[in-house]
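Below is one structure, written out as structure tokens, with a few remarks after it.
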Amino acid sequence: MSATSAAINPKGPRLRGSASNPFDWLNTYLGSSVGQKILVAITGLLLMSFAVTHMVGNLKMFSGPESINKYAYFLKHDIGAWIWVARAGLFLVFVLHLSVALSLKTKAMAARPVGYAYNNSAQATPQSKTMVQTGIVVGLFIIFHLLHYTFGMVHGIPAADGKGERNYLSLTYKLDDGVVVHDVYKMVVAGFSTGWLSAIYLISQMVLFIHLSHGIQSSLQTLGLVNRRFLPVARLIGYGTAGVIFVGNVAIVVAVWVGWVKM
Amino acid sequence: MKFTLHIWRQPGPNARGQMVTYNVDDITGDMSFLEMIDVLNERLIKDGVEPVAFDHDCREGICGSCAMMINGLAHGPERGATTCQLHMRSFKNGDNIYVEPWRAKGFPLLRDLVVDRSSFDRIIQSGGFVNVNTGGAPDGNSLPIPKADSDKAMDAAQCIGCGACAAACPNASAMLFLSAKVGHLGAMPQGEAEQSDRVRKMVATHDREGFGHCTFIGECEAACPKEISTEFISGLNRDYIGSAVKAAVKGEARGGA
């Protein structure tokens, strides 16, 4: 037998196996504007479900210190290492949502190098045209919120002897079963009894409502879950969910303000 | 009727452009917007000034040639009408009217109000067709198609490719055009077989032509002279997800277009 052909695979490339590179798929589908928008929609809906859960958990403020402190202890202690899995996941989703949305926005800005002299719109809602701006405000608020309550770096509680402030994180509470835990209840009341802090929270909640009132319905449409008949329902779900998050969160701030929830 | 027109004048693709103000009178309410510009151009020619260049062809609202941003609205203030089907009775006597060309990276400006819309042709070339010869007219009812599907295909097929959607979109996205073309063919059994390849290729070409992404602002729907609904964009995304899943599971359809 003589070497008549120099071809490595005279019958052409393999049909299956080595030829398929998963990065091709990623580049094709997640590299396109539609794929990236779908990514923004999915991460957005995940963040929204976090916002709902967070709000519902915080409503435990209304059932007193025992309830909310026990819940906080459960999250931080009882579920063990899962809290770090949840935090890492949340962080990843947040970073993905932000980075992909901003990268799409820069491409969209490049898609119209020369703007119009006369700007007008026929039926666009203001919130739909300001998603990046409201999103950035919400992002900054989340950083502020973490600094305020999670790291206790923004504000303190006046110390008992009247000199200086006590850090939020040093507050303790004794549960009915004798376990000493971090006093979340007192921390929240101290925070929202302060006017300028409450103002920041109220304004941020309004901005979050504006962001979600378009974001939720737009995400549902992006995921292809909406047709002409279902569009009003998608709008209702959007405004409804955004409204529930707004009312729930604002209720806690207002309740502290008017004194329903106090030390 | 009298109007004060502010029209974008630009002698060539790389020349500097600016808004120029013209006064027109002796306009009747029954004149179309293009006829009003014809009147202006007649006068400009008599005065020895270069007339305003603009695209037009059928002047009956079916060709998709006329393309003008009028007071910031694509095809002007009337819903479901092209510029040629917009009549001056839609304006008040003495109005200031701003006329600008489509603005998008995918629509490079050639002159005055004329832009190059061949990017839309390239999007169609990358998948907006059926690859098999469908032959002559088939026997009636030999290929049963539900009425709802045929209505949907006809709704999408109304798209005349004028570019108003991309011009009106704050993101300069041509997604309504794209989704009408994809939705029209995908609703029919002849086009359905190639749908997952079609949607992937056409989206890739759309992005390559420099158009933006869709955030469901809804301006395109209002601008569309054929009143095509954004539900087709939802449908396009649904097909795109289907295409991605199919490609992942079967390992087929790699690469952009």
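These numbers were taken from a predicted model, which means no experiment stands behind them. Within every chain, numbering begins at 1; the chains are lettered A, B, ... in the order of the sequence lines, protein sequences first and strands thereafter.
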Original post:
Above 12 or not: heavy atoms from other molecules or residues under 6.0 Å from CE of B/M188?
Top reply: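 Counting other residues, nucleotides and ligands, CE of B/M188 exceeds 12 neighbours.
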Quick one: what part of [X] sits under 4.5 Å from any heavy atom of chain B, side chain, backbone, both or neither?
{"X": "A/I38", "value": "side chain"}
{"X": "A/A110", "value": "backbone"}
{"X": "A/N27", "value": "neither"}

What part of [X] gets within 4.5 angstrom of chain A, counting heavy atoms only: side chain, backbone, both, or neither?
{"X": "B/P101", "value": "backbone"}
{"X": "B/N71", "value": "both"}
{"X": "B/A223", "value": "neither"}
{"X": "B/L236", "value": "side chain"}
{"X": "B/H206", "value": "side chain"}

Please determine, among [options], the option with the most heavy-atom pairs under 4.5 Å with chain B.
{"options": "A/M109, A/R228, A/Q36", "answer": "A/R228"}
{"options": "A/Q221, A/Q217, A/K129", "answer": "A/Q221"}
{"options": "A/L30, A/V40, A/N227, A/V114", "answer": "A/V114"}
{"options": "A/A41, A/G215, A/P113, A/S219", "answer": "A/P113"}

Determine the option with the most heavy-atom pairs under 4.5 angstrom with chain A, choosing from [options].
{"options": "B/A172, B/G212, B/G210", "value": "B/A172"}
{"options": "B/N237, B/D239, B/I233", "value": "B/N237"}
{"options": "B/E100, B/H6, B/M19, B/R238", "value": "B/E100"}

Subject >> side chain to side chain contact (heavy atoms under 4.5 Å, CB included) between B/V203 and B/L178, worked out >> reply: CA-CA 8 Å; B/V203 166; B/L178 183 61; 3.9 Å; yes
**OP:** Step by step, work out the side-chain hydrogen bond (donor to acceptor under 3.5 Å, both in side chains) result for B/T83 and B/H75.
**Re:** CA-CA 5 Å; B/T83 305; B/H75 292 306; 3.0 Å; yes
Original post:
Mind checking whether B/F3 and B/F91 have parallel, tilted or perpendicular rings, split at 30° and 60°?
Top reply: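 Perpendicular: the ring planes of B/F3 and B/F91 meet at over 60°.
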Taking atom types as modelled, find out whether [X] and [Y] have a side-chain donor-acceptor pair closer than 3.5 angstrom.
{"X": "B/S126", "Y": "B/R122", "answer": "no"}
{"X": "A/Y29", "Y": "B/S243", "answer": "yes"}
{"X": "A/T222", "Y": "A/K37", "answer": "yes"}

**OP:** Take B/E227 and B/D155, measure what side chain to side chain contact (heavy atoms under 4.5 Å, CB included) needs, and give me the verdict at the end.
**Re:** CA-CA 9 Å; B/E227 301 180 294; B/D155 282 352; over 6 Å; no
**OP:** List the steps, then state whether side chain to side chain contact (heavy atoms under 4.5 Å, CB included) holds for A/L147 with A/H145.
**Re:** CA-CA 5 Å; A/L147 289 175; A/H145 182 51; over 6 Å; no
Subject >> Heavy-atom check, side chain of B/W8 versus side chain of B/Y98, under 4.5 Å >> reply: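 No, side chains not in contact.
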